[in-house]
Engineer: 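Mind having a look at this structure? Questions to follow.
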Amino acid sequence: QVQLVESGGGLVQAGGSLRLACLASGSAFSGYAAGWFRQAPGKEREFVAAISWNGGSIYYADPVKGRFTISRVNAKNTVYLQMNSLKPEDSAVYYCALRKVAGPTRSAPRYDYWGQGTQVTVSS
């Protein structure tokens with residue numbers, strides 16, 4: 001069983017930056033694809049970014065392209081989401097997810113493990 005713990009959320013002004021981290025337990029992390037999703041109040045969970053097991057394939061949602069960067073350090077069992085030029089509409093609970101295959105996907109149901117989420121609030 002894999003457990004995921006997100007950190008790095010908080011309150012930031014528009015235009016600011018945050019770096020989220022997702023620490024995974026277990027030894028199989030390096031072979032799994034990872035993704036970040038977010039959910040704002042009253043809205044469905046939406047895809048943000050995904051990365052393959054070795055970082056060779058990366059996907060971004062259109063609203064975050066050019067502002068967010070997903071990365072991973074397999075030796076640390078950690079996935080990161082660097083968020084720059086934040087906007088109030090980026091405010092949401094951000095979730096980390098892993099899937100038991102090497103390739104990434106934008107589809108939330110295809111992920112096998114989820115973290116508890118970390119709140120990101122961007123003030124205008």
Side-chain angles (χ1 to χ4, degrees):
Q1 187 71 8
V2 175
Q3 292 186 330
L4 305 177
V5 178
E6 300 98 336
S7 62
L11 174 64
V12 65
Q13 288 187 334
S17 298
L18 284 174
R19 188 194 196 199
L20 305 184
C22 173
L23 176 63
S25 65
S27 60
F29 173 83
S30 60
Y32 292 174
W36 286 95
F37 292 78
R38 66 187 182 186
Q39 187 167 19
K43 295 187 177 181
E44 294 186 352
R45 188 170 299 190
E46 65 174 1
F47 168 75
V48 175
I51 187 168
S52 63
W53 72 279
N54 63 352
S57 181
I58 290 176
Y59 303 152
Y60 292 103
D62 286 343
V64 308
K65 281 182 182 178
R67 300 187 298 121
F68 290 11
T69 302
I70 189 172
S71 62
R72 64 190 296 162
V73 179
N74 287 342
K76 295 184 177 181
N77 277 19
T78 303
V79 180
Y80 301 97
L81 185 68
Q82 177 67 44
M83 306 186 295
N84 298 328
S85 302
L86 283 162
K87 304 175 181 180
E89 51 264 43
D90 293 318
S91 297
V93 177
Y94 282 71
Y95 297 90
C96 172
L98 291 184
R99 63 187 307 239
K100 293 187 286 188
V101 295
T105 178
R106 295 175 174 87
S107 176
R110 296 186 179 184
Y111 284 84
D112 301 292
Y113 305 106
W114 291 84
Q116 82 290 349
T118 185
Q119 177 70 49
V120 171
T121 304
V122 184
S123 64
S124 58

Engineer: Which is it for Asp62 and Lys65 under the salt bridge (Lys or Arg N to Asp or Glu O under 4.0 Å) test, yes or no, and what are the steps along the way?
Structural biologist: CA-CA 5 Å; Asp62 286 343; Lys65 281 182 182 178; 3.1 Å; yes
Engineer: Minimum heavy-atom separation for Ala92 to Ala40, with atom names?
Structural biologist: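 Heavy atoms only, the tightest pair is CB-N, 3.8 Å.
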Engineer: Any side-chain to backbone donor/acceptor pair from Arg72 onto Ser52? Under 3.5 Å, distance only.
Structural biologist: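 Such a contact is found between Arg72 side chain and Ser52 backbone.
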Engineer: With the side chain counted from C-beta on, respond yes when Ile51 and Pro104 share a heavy-atom pair under 4.5 Å apart, and no when they do not.
Structural biologist: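 No. Closest side-chain heavy atoms not under 4.5 Å.
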Engineer: Looking at Val5, is its backbone amide N or carbonyl O close enough to the side chain of Gln116 to form a donor-acceptor pair, meaning the two atoms are under 3.5 Å apart?
Structural biologist: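 It does not hold such a pair.
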Engineer: Looking only at heavy atoms, which two atoms of Ala102 and Ala33 are closest? And how far apart?
Structural biologist: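 Closest approach of Ala102 to Ala33, heavy atoms only: O-CB, 3.5 Å.
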Engineer: Keeping Asn77 on the side-chain end and Ala24 on the backbone end, is there a donor-acceptor pair under 3.5 Å?
Structural biologist: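 Yes; at least one donor-acceptor contact below 3.5 Å.
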Engineer: Might you point out which heavy atoms bring Ala34 and Val79 nearest each other, and give the distance in Å?
Structural biologist: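 Heavy atoms only, the tightest pair is CB-CG2, 3.6 Å.
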Engineer: Got Tyr80 and Val73 here, is their nearest side-chain heavy-atom distance under 4.5 Å?
Structural biologist: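 The answer is yes, as the side chains (C-beta and beyond) meet within the 4.5 Å cut-off.
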Engineer: In the structure I gave you, are the side-chain heavy atoms of Val2 and Phe29 within less than 4.5 Å of one another anywhere?
Structural biologist: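 Side chain of Val2 against side chain of Phe29, heavy atoms only: no contact under 4.5 Å found.
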Engineer: Can you measure from CG (Leu81) to OH (Tyr60) and round to the nearest 0.5 angstrom?
Structural biologist: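 Separation between the atoms: 7.5 Å.
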Engineer: I'd like to know if the side chain of Glu46 and the backbone of Arg38 have a donor-acceptor N/O pair within less than 3.5 Å.
Structural biologist: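 Looks like no, no N/O pair under 3.5 Å.
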Engineer: If you count heavy atoms of other groups shown closer than 6.0 angstrom to CD of Gln119, is the number above 12?
Structural biologist: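 Counting neighbours around CD of Gln119, more than 12 heavy atoms of other residues, nucleotides or ligands fall under 6.0 Å, so yes.
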Engineer: Taking all atoms of both residues into account, what is the closest heavy-atom pair of Leu4 and Ala97, and its distance?
Structural biologist: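 Heavy atoms only, the tightest pair is CD1-CA, 3.9 Å.
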Engineer: Mind telling me whether Trp114 and Tyr95 have parallel, tilted or perpendicular rings, with 30° and 60° as the class edges?
Structural biologist: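 Judged by the thresholds at 30° and 60°, the geometry between Tyr95 and Trp114 is perpendicular.
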Engineer: List the residues meeting side chain to side chain contact (heavy atoms under 4.5 Å, CB included) with Ser17, not counting sequence neighbours, and say none if there are none.
Structural biologist: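 With neighbours one apart ignored, the set is Gln82, Asn84.
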Engineer: Under the side chain to side chain contact (heavy atoms under 4.5 Å, CB included) rule, collect the residues that match up with Thr105, sequence neighbours excluded.
Structural biologist: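 Only Arg99, Ser107, Arg110, Tyr111 meet the side chain to side chain contact (heavy atoms under 4.5 Å, CB included) criterion with Thr105.
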Engineer: If a pair satisfies disulfide (SG to SG under 2.5 Å) and one of its residues is in residues 21-124, list it, with sequence neighbours excluded.
Structural biologist: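 Counting only pairs at least two positions apart or across chains, the disulfide (SG to SG under 2.5 Å) contacts touching residues 21-124 are Cys22-Cys96.
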Engineer: Show the nearest heavy-atom pair for residues Leu86 and Arg67, with the distance to one decimal.
Structural biologist: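 Shortest heavy-atom separation between Leu86 and Arg67 comes out as CA-NH1, 3.9 Å.
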Engineer: With side chains defined as the heavy atoms from C-beta onward, is the minimum distance between Met83 and Leu20 less than 4.5 Å?
Structural biologist: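 Met83 reaches Leu20 side chain to side chain.
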Engineer: Would you call the rings of Phe68 and Tyr94 parallel, tilted or perpendicular, taking 30° and 60° as the class edges?
Structural biologist: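 The arrangement is tilted - the two ring planes meet at 30° to 60°.
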Engineer: Would you call Val101 and Trp53 a side-chain contact if the rule is heavy atoms closer than 4.5 Å?
Structural biologist: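 No, every pair of side-chain atoms sits at 4.5 Å or beyond.
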Engineer: Rounded to the nearest 0.5 Å, what separation is found between the NZ atom of Lys100 and the OH atom of Tyr113?
Structural biologist: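 Between atom NZ of Lys100 and atom OH of Tyr113 there are 4.0 Å.
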Engineer: Rounded to the nearest 0.5 Å, how far does OG of Ser124 lie from CD of Gln13?
Structural biologist: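 Atom-to-atom, Gln13:CD and Ser124:OG are 9.5 Å apart.
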Engineer: Can you see which heavy atom on Val48 is nearest to which on Val64, and at what distance?
Structural biologist: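 The pair with the smallest heavy-atom distance is O-CG2, 3.5 Å.
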